[in-house]
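Only this structure's heavy atoms are used, side chains among them; waters, hydrogens and symmetry mates stay out. In what follows, every chain begins at residue 1, and chains take the letters A, B, ... in the order their sequences are listed. What you see is a predicted model, and the numbers here were worked out from it, not measured in a lab.
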Amino acid sequence: MEKAVFLPDTELHEALAALSADAQVWVPAGDASKPDLVRFQRYRPGLSVRLDARSLVSAKEVLFPRSEALLRFVKEKDLSVPAGHRLHVDDTRTVPPAVVFGCRPCDARGFLTFDRVFLQGPYRDPYYAERREKTTFVSLVCRDADGACFCSAVGSGPADPQGSDAQLIALPDGYVLRAITQRGAALVEKIGRGPTAEQIQAARDMLDQAGREMVGEGSLTAMDAAFRARFQDAAFWHGHIDKCLSCGLCTFVCPTCYCFTITDEARGLSGERIRSWDACMFPHFTLEASGHNPRPSKVERYRNRVGHKFSYFVSKYGQVACCGCGRCIRHCPVSVDIRAVVRDLPVQEEVHA
Amino acid sequence: MPNVVSKNNPYLPQMGTIREIIQETPNIKTFRIVLDDPEQMAAFRFEPGQVGQLSVFGVGESTFVINSPPTRREYLQFSVMKTGEVTRALHRLCEGDPIGVRAPLGNSFPVEALKGKDILFVGGGIGMAPLRTLLLTMVDRREEFGDITVIYGARSPQDLCYRYEFDQWRAAGVNLVLTVDREFPGWEERVGFVPTVLAEEAPSPYNRVAITCGPPIMIKFVLAGLKELGYEDDQILTTLERRMKCGIGLCGRCNIGDTYVCVDGPVFSNTQLRQMVSEL
Amino acid sequence: MKTLHSHLEDHFEELELVIGWEIGFEPLRATPAFVRRREDLARLVWNPLCAPNLSVYLPQILKSAEKTEKKVAVCLKGCDTRSLTALIQEGFVDRERLHVIGLPCPGTVDPQALAQARKNRAPVTQVSFQDNLLILHSYEGTEEIPLDSVLARRCRRCRQPNPLLADVVLGDPVPARCDAPSFAHVEAVDSLPLEERRAYWERELDRCLRCYACRNACPLCVCRDRCLAESRTPKWTTQRDSVRDKFLFHMIHALHLAGRCTECGECERVCPVGIPVALFKEKMAQIALDLWDYQAGVDPAATPPLQTFDPSETGI
Amino acid sequence: MDEKNDKQLRIVGFLCNWCSYGGADTAGVCRFKQPPLLRIIRIPCTGRMDPLFVVKALAQGADGVLVSGCHPKDCHYAVGNFYARRRLELVKRFLPFVGLDPRRFHYTWVSASEGQRWQQVVSEFSAVIQELGPNPGFGQDAVTENAPQAVSSQGGAGDTERCISPRSL
């Protein structure tokens, strides 16, 4: 292992505090009143850090906040100009360095989808890009996939290093922290202690074992053609989607859903143009001012969600826009299973009704 | 290429001022906008068919086609029909008011490929706006194009946009056919729906490209009518509309399959439309 | 589950659709099932995992379905029938087109509570039910968990386990857990000082993602795609990620359910971040009971109190 | 005086066009002295009162909300205030549950001729609000909400026609 340190359980808080000295550190942590409700929170002493638990919402809000100001505007009264006021628009911002510590490989990998769109498309998104450049991802090799996980089915796996700058490998009394990228190496230097040969060996074994593990059945990465063939099969979509409530839960907890809306929120003489999470499952997402809606019901909307992740994104960027974290399945109020929908796309017999 | 959409921050509008407002119809206003930075205004380049996002700070942004031609660059012209939140706010603006502009965005009409061809424009209501930019480009470069026929219809004479320009178009050699849905006192042009007038006029598809824009129901019948007249799919161009937010292919709502109307459109040939998933 | 299946088998010719529950992607997940073919009836299940209130689908299903002689069958627990009653009261559902299968309900399972009650960590491979016991099988062995220890909050205050309105009731009546309306949870919040109450809700609502699952799962949120919370004109909430905006959304939801909420608790069940949003509506129900002695969804002929008035009322 | 104390308290008054609005006018014409806290929003009838108006105003930090309409049985539209009083009583009882002080909300009935009564209503409620002091609202203020509120946003959703350009159409 190139650059690795050992981080005893007992020194975890110390390490997080050390990292917090020059960065915002985001860790999965239990809520004060609900310890099993694990979300990414800014590290602070006393926080109940839960590296062992799967977080409810992905870490996407670290790079893509639920709501952020794109620009601010102020109207300054000035009767010498015809409009009676001058408008000042300001898009300056400061982005602090950040560390996401202890996310799962799927969370880190989710940002590869964002990168394709926000960094490698025809226009580069500066807000995302600045955060991306200043954020280090430390993922934990995952040993507790549940019934909703399917990372292997989308070409990833519980030890996937893609998108991570460093990896944590859990041992009985602590973690081996291994650098993957330069940025990761810089972080590893700041914390932990020199690992023993046994610890390195144990970490290697665990990494090998996790690397061989298959989470989720089959492969869902080559469904582009099947999706297009199924596009107008109303019975198929109704069969799977009639139970959908058309809420935005699946998209909000998803590490790869990046769709957003832009709105102006003003009061008095000043305001902000903000970008906030939006969901393709909401009717307003595509509702035009004329009243026309190209995706008028949950069936078209869910079809677009499936298509975006498993067909459109594939034909545009050559990869699926899904990291297999299973959150949309695990937390769906009515257990809509996107795996089952995608898996059934090429199935010819009528298994759906 | 000089471009007003900032490379550093494509979300940041350039400041402009409304130089002139023209009340086209009871619910359509035309805005003539000048960018506040004279250098930027001088360097501004675009192709016919490209769109811009207009900002009313405090209300929001909306997408409109730049309907002045690239050949006339003293101002950027946008026509706005009052329908939603932003368009209502735009209609409340006055000459001299500041406005934000993010332009040019999207693709454009293939002007070079149209050279030497006869052209048929079929427009309805506000749908004349995207056609006007191309029409005036052709008028200004008249000798490069063959016959130009325009079939333009609206519900009533007062719903026709750019009425004050019709004489100039005709003087430039445009065969302008105007129609309204029913008889009106004093109306001496054609009466009837656009597709009907199209069938009566029946411009030959030989060496001709048809460009159509208007309400969806009109488009539907115009496309059928053009087919009837013998136009092939790649001889028909149209522009699509979608709800848009970012205008730069990121926010994810204006897609039709993997095609994003904001960056891959708004101009599409009928051939392209047929290849898309059917989700209009 | 012989009786549900055999009943549906017997009547299937009269039905165009059956809405019930089936096992989802893992044994502990029951999920709504829309059955249109006889052979799929076998998928249907009925047990304490069948938490979703299926009446939420009825207004739209009935609107989109073609009017035929055939009926839409729907499986409803006791509390769910109150939601249906309220929908009938307000004219959103045509009772004549429904075949209501009422199911006396021993209570539904709270997945979080179940996860905490389990001693084994291995995934459950099979689950069965016996005498108010959940029997969970996994490769680590078999566990027996009393249903009473893992009940959802809504079920702990249940007073309508038996259907109030049904074409057929399958199963024996179940004793109610509460005889009178119980507002213990509301009163617990009310017992805090005012400032702490606000702090409590600010803390709880801070977690809200505004995913609107609570709204969409609510059978009586009948505005559906026209919700005020997302409207820009008028604009009640902004898109900011602020507690106040989240609060205003929940107030819109709660106030629109005043005197209508049937306390099915779906809003709270579906909340991914565990906000006890049903308490808002329970408080409304408590007020409606105090002021007008009214309980929503109990009497199909009654008018909800805010849709009517009484000139002789005094004291307000 | 420090800035906090200097912040003037505000009561938002929703007044029925047909009675209390006239009552307030009567009080003004008669030059009855009233505390200056009240800002009036005229509504066509108390039946127009959405309980959300009350909740939103208080959540955003209005120090008090006063609703006043026609006496029961005197509604211009016959029954508007009968509906209203049910809603208003409900919201009054609901406010404390979410931590909003119910004393900051008052509803009452004042007819157009009752200028004296109007003076009394405003004075008493203003005294209550003065006693309670500034309302913390619900949730922290977002940045721009602290901004001065001189004019509505540019062509904004305020929906009042605005045209300060000298060369308007």
Is [X] close to chain A through its backbone or its side chain, or both, or neither, when contacts mean heavy atoms under 4.5 Å?
X       : result
E266(C) : neither
Q116(C) : side chain
P123(C) : neither
Y57(C)  : side chain
V273(C) : both
E26(C)  : side chain
R269(C) : side chain

For [X] and [Y], does a side-chain donor sit closer than 3.5 Å to a side-chain acceptor?
X       : Y       : value
D107(A) : S58(A)  : no
S138(C) : R121(C) : no
S83(C)  : N53(C)  : yes

[X] bridged to [Y] by N-O distance under 4.0 Å:
X       : Y       : answer
R36(C)  : D242(A) : yes
R215(C) : E230(C) : yes
E268(C) : R153(C) : yes
R37(C)  : D40(C)  : yes

### Task
Using heavy atoms and a sub-4.5 Å threshold, report which of residues 286-298 of chain A line up against chain C, by residue number.
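Checking residues 286-298 of chain A against chain C gives P296(A), K298(A).
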
### Message
Does anything in residues 31-39 of chain A reach chain C? List residues with heavy atoms under 4.5 Å apart, or say none.
### Response
D31(A), S33(A), K34(A), D36(A), L37(A), R39(A)

### Message
With a 3.5 Å distance limit and no angle check, can you tell me whether R38(C) reaches the backbone of E9(C) through a side-chain donor-acceptor pair?
### Response
yes

### Query
Rounded to the nearest 0.5 Å, how far apart are CZ of R198(C) and CZ of F247(C)?
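Reported value, rounded in 0.5 Å steps: 10.0 Å.
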
### When D337(A), V57(A), I329(A) are compared by non-hydrogen pairs under 4.5 Å with chain C, the top option
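Answer, by heavy-atom pair count under 4.5 Å with chain C: I329(A).
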
